[in-house]
J.: 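Questions regarding the structure given below will be posed in turn.
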Amino acid sequence: MLKIINTSGQIDDLFDKGAFSRDKWREYINLIYEDSSHLFEDEVEEYIASGEYTFEKDFLPVIQAVFQNPKRDILQQSFLAVTDHLNERIIQTFHREIDADLVLYLGLCNAAGWVTSIHGRDVILLGIEKILELGWYSRQAMYGLIYHELGHLYHKQYGKLEQESEQSEKNFVWQLFTEGIAMYFEQVLVGDDSYYHQDENGWKSWCDRNFVQILDDFHHDLPTMSRYNQRYFGDWCDYHGHGDVGYYLGTRFVRTLLDSVSFDTLIGFDIDFVYEQYLKFYQSVVTKENHR
């Protein structure tokens with residue numbers, strides 16, 4: 001069953017005279033989950049080690065903006081509304097429950113939504129600082145954010161989420177697939193197969209118009225794609241001025257697969273089979289485009 005943990009009331013205590021205190025933040029995180037602060041800090045340090053980011057320039061301003069932010073009240077009310085009877089809604093729709101913690105917390109810009117495991121317990125972490133930065137504090141946006149991460153957990157608990165290949169190309173196709181699954185799960189719970197929580201300022205319409213180009217670029221980027229140069233997964237990525245286009249592309253891929261299999265069958269696929277299906281998907285789209 002889902003356990004809801006809301007730490008909104010503790011956030012202002014993490015700022016010393018209005019300035020973010022990393023020491024107070026460590027104490028706060030370790031009270032939620034004992035000896036866990038290093039999990040968050042290690043991810044930040046990995047990005048900093050790439051040479052592309054610094055904590056002071058890229059992370060701290062986003063965290064600092066949380067202090068006494070007037071949008072936090074809207075965020076909290078949205079969180080309370082979306083999590084009300086959430087477990088029952090999942091069971092009614094997918095006929096299974098998800099066993100995990102759902103935590104609204106202040107992170108170190110790790111993600112607006114992050115699925116991980118802490119002390120053997122599945123956890124969905126919703127980073128207040130990233131949600132505010134992205135403007136995803138409305139009830140509608142919160143539906144999308146929470147449902148998406150629940151989709152990843154459903155995949156993990158009832159399918160085969162945690163897979164990895166020695167070939168980086170397969171790993172990025174797997175990411176495309178898993179994000180597509182989470183987006184589909186999100187759309188089903190929302191009740192709208194055209195819904196994307198990223199859809200602002202014409203984002204979906206632009207993706208619709210440029211679908212073939214996005215797929216072709218993704219395919220040709222695969223051989224040299226890395227965690228640091230990929231331009232498809234993340235609001236910080238820039239694909240011709242747009243972020244998160246991999247979520248759109250993954251959803252198109254997954255919905256094509258669902259034309260021939262059930263959702264519960266789909267989440268049981270392994271990484272090699274998914275890669276084969278992706279190649280067929282790519283070739284089919286390219287063939288149709290060339291024919292057109």
J.: Yes or no on side-chain hydrogen bond (donor to acceptor under 3.5 Å, both in side chains) for Arg255 and Gln187, after CA distance, side-chain angles and deciding distance?
T.: CA-CA 11 Å; Arg255 283 194 170 274; Gln187 290 173 343; 3.0 Å; yes
J.: Examine distances only and state if a side-chain atom of Asn171 and a backbone atom of Ser165 form a donor-acceptor pair shorter than 3.5 Å.
T.: yes
J.: Excluding sequence neighbours, so at least two apart, what forms ring pair (Phe, Tyr, Trp, His ring centres under 6.0 Å) with His152?
T.: His148
J.: Only counting residues at least two apart or in another chain, list the ones meeting side chain to side chain donor-acceptor pair (under 3.5 Å) with Thr224.
T.: none
J.: Once the angle between the rings of Phe263 and Phe94 is folded into 0 to 90°, is it parallel (under 30°), tilted (30 to 60°) or perpendicular (over 60°)?
T.: tilted
J.: Working note: Val188 + Tyr147, criterion side-chain contact (heavy atoms from CB on, under 4.5 Å); need CA distance, chi angles, decisive distance, verdict.
T.: CA-CA 9 Å; Val188 171; Tyr147 288 172; over 6 Å; no
J.: Tell me the closest heavy-atom pair linking Ser36 and Asn30, and the distance in Å.
T.: N-OD1, 2.9 Å
J.: Verify whether one side chain among Asp217 and Gln213 offers a donor that lies under 3.5 Å from an acceptor in the other.
T.: yes
J.: Side chains of Glu149 and Leu153: closer than 4.5 Å at any heavy-atom pair?
T.: no
J.: Quick check: is Leu108 connected to Leu31 through a chain of hydrophobic side chains (ILVMFWY, heavy atoms under 4.5 Å apart)?
T.: no
J.: What I want to find out is whether Lys204 reaches Asp208 closely enough, with some N-O distance under 4.0 Å, to be called a salt bridge.
T.: yes
J.: Can you name the closest pair of heavy atoms from Arg231 and Tyr239 and give their distance?
T.: O-CB, 3.4 Å
J.: Is the number of heavy atoms from other residues, nucleotides or ligands within 6.0 Å of NZ (Lys24) greater than 12?
T.: yes
J.: Please walk me through it: do Asp101 and Tyr33 pass side-chain hydrogen bond (donor to acceptor under 3.5 Å, both in side chains)?
T.: CA-CA 11 Å; Asp101 293 346; Tyr33 293 106; 2.6 Å; yes
J.: Verify side-chain hydrogen bond (donor to acceptor under 3.5 Å, both in side chains) between Asp264 and Ser262, making sure each step is shown before the conclusion.
T.: CA-CA 6 Å; Asp264 283 336; Ser262 69; 5.9 Å; no
J.: Show the nearest heavy-atom pair for residues Cys207 and Val245, with the distance to one decimal.
T.: SG-CG1, 4.1 Å
J.: Test Tyr184 against Thr251 for side-chain hydrogen bond (donor to acceptor under 3.5 Å, both in side chains), laying out the working first.
T.: CA-CA 6 Å; Tyr184 173 80; Thr251 309; over 6 Å; no
J.: Side-chain atoms of residues 39-49: list all donor-acceptor pairs with protein atoms under 3.5 Å, sequence neighbours left out, distances to 0.1 Å.
T.:
from	atom 1	to	atom 2	distance (Å)
Glu41	OE1	Arg26	NE	3.1
Glu41	OE2	Arg22	NE	2.9
Glu41	OE2	Arg22	NH2	3.2
Glu41	OE2	Arg26	NE	3.0
Glu41	OE2	Arg26	NH2	2.9
Glu43	OE1	Asn110	ND2	3.0
Glu46	OE1	Arg227	NH1	3.2
Glu46	OE2	Arg227	NH1	2.5

J.: Only counting residues at least two apart or in another chain, list the ones meeting ring pair (Phe, Tyr, Trp, His ring centres under 6.0 Å) with Tyr196.
T.: Trp203, Tyr248
J.: Any Lys/Arg nitrogen of Arg121 or Asp99 sitting under 4.0 Å from an Asp/Glu carboxylate oxygen of the other?
T.: yes
J.: Is Arg72 salt-bridged to Asp12, cutoff N-O under 4.0 Å?
T.: yes
J.: Return the orientation label for the Phe177 and Phe269 ring planes: parallel under 30°, perpendicular over 60°, tilted otherwise.
T.: parallel
J.: Using atom types as modelled and distance alone, determine if a side-chain donor or acceptor of Glu129 lies under 3.5 Å from a backbone N or O of Cys109.
T.: yes
J.: Are Ile90 and Met1 in one and the same hydrophobic cluster, where Ile, Leu, Val, Met, Phe, Trp and Tyr link if side-chain heavy atoms are under 4.5 Å apart?
T.: no
J.: Might you work through the salt bridge (charged side-chain N to carboxylate O under 4.0 Å, His left out) test for Glu133 and Lys130, ending with a clear yes or no?
T.: CA-CA 5 Å; Glu133 180 196 24; Lys130 289 297 294 181; 2.7 Å; yes
J.: Name each donor-acceptor pair under 3.5 Å that joins a side chain in residues 56-65 to protein atoms two or more places apart or in another chain, with its distance.
T.:
from	atom 1	to	atom 2	distance (Å)
Asp58	OD2	Thr54	N	2.9
Gln64	OE1	Phe20	N	3.0
Gln64	NE2	Gly18	O	2.3

J.: Is there a side-chain contact between Tyr278 and Lys170, using heavy atoms and a 4.5 Å cut-off?
T.: no
J.: Is a donor on one side and an acceptor on the other found under 3.5 Å between the side chain of Thr265 and the backbone of Val261?
T.: no
J.: Between Val123 and Val115, does the side-chain contact (heavy atoms from CB on, under 4.5 Å) criterion hold? Intermediate values first, please.
T.: CA-CA 6 Å; Val123 176; Val115 175; over 6 Å; no
J.: May I ask you to say whether Asp270 pairs ionically with Lys160, meaning some side-chain N is under 4.0 Å from a carboxylate O?
T.: no
J.: In the single-linkage hydrophobic clustering (I, L, V, M, F, W, Y; side-chain heavy atoms under 4.5 Å), do Phe273 and Leu176 co-cluster?
T.: yes
J.: Is the count of non-hydrogen atoms from other residues, nucleotides or ligands lying under 6.0 Å from His85 atom NE2 greater than 12?
T.: no
J.: Working note: Ser168 + Met225, criterion side-chain contact (heavy atoms from CB on, under 4.5 Å); need CA distance, chi angles, decisive distance, verdict.
T.: CA-CA 8 Å; Ser168 64; Met225 198 180 295; over 6 Å; no
J.: Over all heavy atoms of both residues, which pair between Ser78 and Ser138 is shortest? Give the atoms and the distance, please.
T.: OG-C, 3.2 Å
J.: Is the gap between the ring centers of Tyr232 and Phe218 under 6.0 Å?
T.: yes
J.: Same hydrophobic cluster for Phe185 and Ile91, using side-chain heavy-atom links shorter than 4.5 Å among ILVMFWY?
T.: no
J.: Check whether NZ of the Lys or CZ of the Arg Arg252 lies under 6.0 Å from the centre of the six-membered ring of Phe211 and within 45 degrees of that ring's axis.
T.: yes
J.: Going by the rule ring pair (Phe, Tyr, Trp, His ring centres under 6.0 Å), which residues pair with Tyr158 if we only count those two or more places apart in sequence or in a different chain?
T.: Tyr154
J.: Working to the nearest 0.5 Å, report the span between OG1 of Thr256 and CD of Gln277.
T.: 10.5 Å
J.: Taking all non-hydrogen atoms of both residues into account, name the closest pair between Ala141 and His197 and its distance.
T.: O-CB, 4.4 Å
J.: Taking the side chain from Asn210 and the backbone from Trp206, do they hold a donor-acceptor pair closer than 3.5 Å?
T.: yes
J.: Is the backbone of Leu106 close enough, under 3.5 Å, to the side chain of Tyr28 for a donor and an acceptor to pair up by distance?
T.: yes
J.: So does Lys156 have more than 12 non-hydrogen atoms from other groups sitting under 6.0 Å from NZ?
T.: yes
J.: Does a side chain donor of either Asp23 or Ser21 reach within less than 3.5 Å of an acceptor in the other side chain?
T.: no
J.: In this structure, would Leu132 and Phe15 fall into the same cluster of hydrophobic residues linked by side-chain contacts under 4.5 Å?
T.: yes
J.: Kindly give the heavy-atom pair with the smallest separation between Ser117 and Asp122, and that separation in Å.
T.: CB-OD1, 4.3 Å
